[in-house]
Number of protein chains: 2
Amino acid sequence: MDQDRVDNGLRRFESLCRERGLPLTVQRREILKALLQRDDHPTADQVYGCVKERITGLSRTTVYRVLETLVRLGVVRRLHHPGTSVRFDGKISRHHHLVCRKCNRVIDLENRSLDHLELSSMRLHGFQVEDYSVHLVGVCADCGRKSRPTS
Amino acid sequence: MDQDRVDNGLRRFESLCRERGLPLTVQRREILKALLQRDDHPTADQVYGCVKERITGLSRTTVYRVLETLVRLGVVRRLHHPGTSVRFDGKISRHHHLVCRKCNRVIDLENRSLDHLELSSMRLHGFQVEDYSVHLVGVCADCGRKSRPTS
DNA sequence: TGCCTAGATGGTAATTGTTACCAAAAAATG
DNA sequence: CATTTTTTGGTAACAATTACCATCTAGGCA
Ligand SMILES: [Mn+2]
Ligand SMILES: [Mn+2]
Ligand SMILES: [Zn+2]
Ligand SMILES: [Zn+2]
């Protein structure tokens, strides 16, 4: 867990809320904190699962709603990856993903060379690029071991 | 519409079916043809919408099932992108996508330099990469025009 | 500090995309 | 053709997400 990411994220969130007159609720803070502390890419339900112990009476609906708010504020990213339900990513700096086509796990990939792809020369037909990321699809280490037994 | 892609796709599909003893049904052929003819990234429901006119009595269930089969055969790709439902891509050669965060459109991006990223040097922690693609997120030309009126 | 009000939450019901199931229909095989 | 195997259509079940509304809370103000 990256304590700096947690602190910075929470601070940025609080100032954004003040800026826009959004009330700072326990639910919002705890849900964001939970996301910032993990470095996987949980679904709304998984977030609910780990936050409900800290906030008694937390509603699943609230989790969906708060996650939506956090995405709108730009402190969290929404991911669309295999496995039916939407995933959330507490890491908003540019990074890339390894996607396992067997277990649907999504693993962060940090790589400086991928962070600076030359896009300016592309024919984008008027599309305004704001960010990008590279998705590497394949089989993760765990799944690779399982399918090809200890050779 | 790229007639070669349609022809090649259908031919490949037919030989794969024979190989694996899968019956060649009208539904499978028409659904694949519809996907190969489009160069957007339709949902199952959109595919149903445009194929049902060609096959009377076509069931939505069949569309979902056939799309799944086509993905398993490797003649179409499943995409996970904004807008809740799964999208399908009839183009299976390596290519990239522009994703509009306003209208959720997904536009193909062909770019030679993106097709040959140097991955071998990366620390992949045992992940076996089979393919990759780059997602450029931003605002498409149409949406850009709308929000920032004719200046 | 104790009200007031806009906005947020919780709980339930509705909606939507997708899958399970099974009887009827269509392909392959010989 | 007759047989066997697999697919299809239709409906019911499911799961993720959203709509709704009564209740509650954060934040502003006396
Ligand atoms: Mn990530
Ligand atoms: Mn595509
Ligand atoms: Zn895996
Ligand atoms: Zn757009």
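All values below come from the heavy atoms of this structure, side chains included, with hydrogens, waters and symmetry mates left out.
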Engineer: Starting the side chain at C-beta, find the nucleotide from D/dG9, C/dT12, C/dT9 nearest to A/T61.
Structural biologist: C/dT12
Engineer: Checking contacts here: which listed nucleotide (C/dA27, C/dG10, D/dG9) is nearest the side-chain heavy atoms of B/V26?
Structural biologist: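 Nearest listed nucleotide: C/dA27.
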Engineer: Below 4.0 angstrom, N of the basic side chain to O of the carboxylate: do A/D131 and A/R77 qualify?
Structural biologist: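 Result for this pair is yes, salt bridge flagged.
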Engineer: Could you give the CD-to-P distance, from A/Q27 to C/dT9, as a whole number of Å?
Structural biologist: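 Result: 5 Å.
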Engineer: If each of B/T43 and B/P23 is mapped to the nucleotide of DNA chain C with the nearest heavy atom, which maps nearer the 5' terminus, i.e. the 5' end?
Structural biologist: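 Nearest-nucleotide comparison on DNA chain C picks B/T43.
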Engineer: Side chain of A/S59 only, heavy atoms from C-beta on: which candidate in C/dG11, C/dT9, D/dA16 is closest?
Structural biologist: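 Shortest atom-to-atom distance from the side chain points to C/dG11.
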Engineer: In this structure, how many angstroms lie between the C1' atom of C/dG17 and the NE2 atom of B/H81, rounded?
Structural biologist: 18 Å
Engineer: Reading DNA chain D from 5' onward, which residue's closest nucleotide shows up sooner: A/T25 or B/R28?
Structural biologist: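 Comparing both residues, the 5'-ward one is B/R28.
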Engineer: Could you walk me through whether A/D142 and A/R105 pass side chain to side chain contact (heavy atoms under 4.5 Å, CB included), step by step?
Structural biologist: CA-CA 10 Å; A/D142 283 0; A/R105 205 178 314 197; 3.3 Å; yes
Engineer: When you measure from the side-chain N and O atoms of B/Y64 to the phosphate of C/dT19, is any distance below 4.0 Å, counting only OP1 and OP2?
Structural biologist: no
Engineer: Within this structure, what is the CG-to-P distance between B/D45 and C/dT19, rounded to whole angstrom?
Structural biologist: 13 Å
Engineer: Using whole Å, what does the distance between atom P of nucleotide D/dA16 and atom CZ of A/F88 come to?
Structural biologist: 13 Å
Engineer: Under 4.0 Å between a side-chain N/O of B/T84 and OP1 or OP2 of C/dT16, yes or no?
Structural biologist: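 No.
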Engineer: Return the 5'-most residue of the pair B/G21, B/V86 with respect to DNA chain C, ranking by each residue's nearest nucleotide.
Structural biologist: B/V86
Engineer: Whole Å only: how far is the CZ atom of A/R60 from the C1' atom of D/dA16?
Structural biologist: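 These atoms are roughly 10 Å apart.
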Engineer: Measuring to OP1 and OP2 of C/dA8, would you say a side-chain N or O of A/R65 lies under 4.0 angstrom away?
Structural biologist: no
Engineer: Quickly work out the B/R20 CZ to D/dT7 C1' distance and round it to whole Å.
Structural biologist: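 Atom-to-atom, B/R20 to D/dT7, this comes out as 17 Å.
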Engineer: Classify the side-chain pair B/D115/B/H95 by whether it contains a donor and acceptor separated by less than 3.5 Å.
Structural biologist: no
Engineer: A cation-pi test, strictly: NZ or CZ of A/R94 under 6.0 Å from the centre of the six-membered ring of A/Y132 and no more than 45 degrees from its axis. Yes or no?
Structural biologist: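 Yes, a cation-pi geometry.
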Engineer: Expressed in angstrom and rounded to an integer, what is the separation of B/E68 atom CD from D/dT6 atom P?
Structural biologist: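 Whole-Å distance recorded here is 17 Å.
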Engineer: Establish, from distance only, whether the side-chain atoms of B/D108 and B/H96 form a donor-acceptor pair under 3.5 Å.
Structural biologist: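 Note: B/D108 and B/H96 side chains miss the donor-acceptor criterion.
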Engineer: Return the value, rounded to whole Å, for the distance between atom CZ of B/R18 and atom P of D/dT6.
Structural biologist: 18 Å
